[in-house]
Protein chains: 2
Amino acid sequence: MHSTPGPLPPLNAVRAFEAAARLGSFTRAAQELSMTQAAISYQIKQLEQRLGVMLFQRLPRKIVLTRDGERLAPAILDAFSGLRTAFAQALSRAHNELAITSLPTIASNWLVPRLGGFHLAHAEVAVRLDTSITLADLQQGEFDVAIRSGRGDWPGHTAHFLLPSLITPLMSPRLRDAAGGLKSPADLLKLARIGRPRWWQQWFEENGVDVAETALRASLDLGIEQYEITAAIAGQGVAISSPLFFRAELESGQLVQPFAHVARDSKDYWLVYATTRAKSHAITAFRTWLLREARAEVPAD
Amino acid sequence: MHSTPGPLPPLNAVRAFEAAARLGSFTRAAQELSMTQAAISYQIKQLEQRLGVMLFQRLPRKIVLTRDGERLAPAILDAFSGLRTAFAQALSRAHNELAITSLPTIASNWLVPRLGGFHLAHAEVAVRLDTSITLADLQQGEFDVAIRSGRGDWPGHTAHFLLPSLITPLMSPRLRDAAGGLKSPADLLKLARIGRPRWWQQWFEENGVDVAETALRASLDLGIEQYEITAAIAGQGVAISSPLFFRAELESGQLVQPFAHVARDSKDYWLVYATTRAKSHAITAFRTWLLREARAEVPAD
DNA sequence: CCGACGTATAAAATCAGCTTATGCATTCGA
DNA sequence: TCGAATGCATAAGCTGATTTTATACGTCGG
């Protein structure tokens, strides 16, 4: 009694009908859709044959909707208008949201203090920041950009160099004074060391200090540099970390850098995003702003 | 500042998204659209690349809409739902309307008295009847079916034989009596003749009466048979028309058929409709009903 | 009466979209 | 714990729908 809804007619034909009905002309519809008039004519005919109903009355120099066409047009126009605004809105929102995933250290010690400036410059962009050590998949769409450490070679992604990963011992001035004169890097071996053994090894090696691995293993590795620096400030040992990230503590005198030598880890910090999304407004705005901030940070680089 | 709406993404990709979002599965979407899962996957990827946004999060054995997908889906589902009902309704209405264009004679004297029966049998079909001598173009969609006289050969159209075009003199009994004994067809030459000269000529010839063309030209040609019959009933002359169409007048005695011979014009009456629309419910219902009525009319044919 | 305009149509070219075949990761069942 | 089943991704290749090109037709306007 009641036939099933059945599949929709070919959608390209429907689009041609929509444009022709709205513009009242095959020629103009063709222009709008960047096609030829012949293509519109063909598509409309296809649709009419499929529906078994004439949609336009072909008059000498114009077309007029038939009774059936007139009946169909409003709903089709509505639907297409809905589609257009849906895509426009969704994209505009998508392009004005920025989900950042960042390593905790650079996030709390470098990014967060500056993010306010980005918001001032781009109030239209809503920012969401996620800090975690796990490597989020930028292709999955959960995050728009990441701040990662590495070598900048992530296939399918675009990476911009941000900051070098600098490492140098940092300690509380009280500990330094208590340790007496720290004349050479080797003197640090007497103190408790906090932070990644690999970094300590690299720094010592670059200073000509040969260290037994066992000695390095004895260091306190808390995993999160923020904690390590907190421990260092408390005088519990010497941390090894980036002077860039703890400039505030250095300037306020909570921390001191006992030796001038700064080593550089091979893994720098990069801004990364999926190459397919490079055109997103939020991403381009953030990239421009962030790279300028980074360049201001290490102008000598 | 505000980018133009821009063209819609490829609609086939949008359709794939709609189905996948609604069904929550590429595989099921493929089933619904009678395609393969690979095709859905391809289309969704196309759409995502076009939009520069991931729409689904691919999890091991399922997919989940991303934030952006979730944002897009409701409006897309709405729009497609609108399209579906629009087509369904328009088609249902189109298939339940019947616009008939008919020659006036057969319309008023044969079709109209029977149309009530069609309406009883098919109350769902709304009927509109247009009577005119002009030959409406069935391809233009203004009319669904036509009742035409001719030979049944209209390219692009399907034609069903309805009734023969019969012609025989008809007159009022009073005129017949006044004319005295009408023994042979030639006696009619003495009376005023009403109707198409060509028909008179044919009928006379088939009865072996040789008539000068001039005599035939003198007949009264009113163009519309209804008028001619009215004139005949008033006793103003002898009309030549179809006994089928004026059976009521013959039975009531208003008209008489003075001679048994009935000529047959080469142009019969046909039910005609555009072949492309043969599947329309209204048309098929009307065809079935009308052919049965016509067969009941001339069972001997 | 001629040129411009808007549509229809035929033939030929193209390319988007589909299928087939396969791989991979996970879940489920035993 | 293992194998089968499930669901999505990907590559390669084909096909036919769609588009363009070229042309014709009918009307309107000057």
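The model shown is predicted, which means the values in this text are computed figures rather than measured ones. Atom set for the values below is all heavy atoms of this structure, side chains included, hydrogens, waters and symmetry mates excluded. Numbered from 1 within each chain, the chains take letters A, B, ... in sequence-line order.
Remark: P of D:dT10 and CD1 of B:I40 are 16 Å apart, rounded to the nearest angstrom. When the C1' atom of C:dG6 is taken as reference, atom CZ of A:R28 falls 10 Å away, rounded to whole Å. Rounded to a whole Å, the CZ atom of A:F26 is 13 Å from the P atom of C:dG6. Distance B:L33 CG to C:dG17 P: 14 Å, rounded to the nearest Å. Residue B:Q31 contributes atom CD, which lies 12 Å from atom C1' of D:dG7 at whole-angstrom precision. The distance between atom CD of A:Q49 and atom C1' of D:dA17, rounded to the nearest whole Å, is 14 Å. To the nearest angstrom, C1' of C:dA16 lies 14 Å from CE of A:M35. Following rounding to the nearest Å, A:Y42 (OH) and D:dA17 (P) show an atom-to-atom distance of 7 Å.
Among the atoms of the strands shown, none is found under 4.0 Å from any heavy atom of B:L59.
A salt bridge does not link B:D68 to A:R93: none of the charged side-chain nitrogens sits closer than 4.0 Å to a carboxylate oxygen. By the 4.0 Å N-to-carboxylate-O rule, A:E32 lies too far from A:R28 to be salt-bridged with it.
By the 30° and 60° cut-offs, the orientation of the rings of A:W289 relative to A:F118 is tilted.
With hydrogens and angles left out, the side-chain atoms of B:Q226 and B:N109 include a donor and acceptor closer than 3.5 Å. Counted by atom type alone, B:R15 and B:N12 present one or more donor-acceptor pairs between their side chains at under 3.5 Å.
Checking the phosphate oxygens (OP1, OP2) of C:dT7, a side-chain nitrogen or oxygen of A:S25 falls inside 4.0 Å. Between B:K45 and D:dT10, a side-chain N or O to OP1/OP2 separation shorter than 4.0 Å is present. Taking side-chain N and O atoms only, A:Q37 has no distance below 4.0 Å to OP1 or OP2 of D:dT20. Between D:dT6 and B:T27, no contact under 4.0 Å exists linking OP1 or OP2 to a side-chain N or O. OP1 or OP2 of D:dA9 lies within a sub-4.0 Å distance of a side-chain N or O belonging to B:R58. Not one side-chain nitrogen or oxygen of B:T36 sits closer than 4.0 Å to the OP1 or OP2 atom of C:dC18.
Comparing B:A38 and A:A39 by the nucleotide of DNA chain D whose heavy atom lies nearest to each, the residue mapping closer to the 5' end is B:A38.
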For a quick check, with a 4.0 angstrom heavy-atom cut-off, what is the B/S/- contact string for nucleotides 24-30 of chain C, read 5' to 3'? --BB---
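Applying the salt bridge (Lys or Arg N to Asp or Glu O under 4.0 Å) criterion to B:E228, with sequence neighbours excluded, gives no partner residue. For A:H157, there are no side chain to side chain donor-acceptor pair (under 3.5 Å) partners two or more places apart in sequence or in a different chain.
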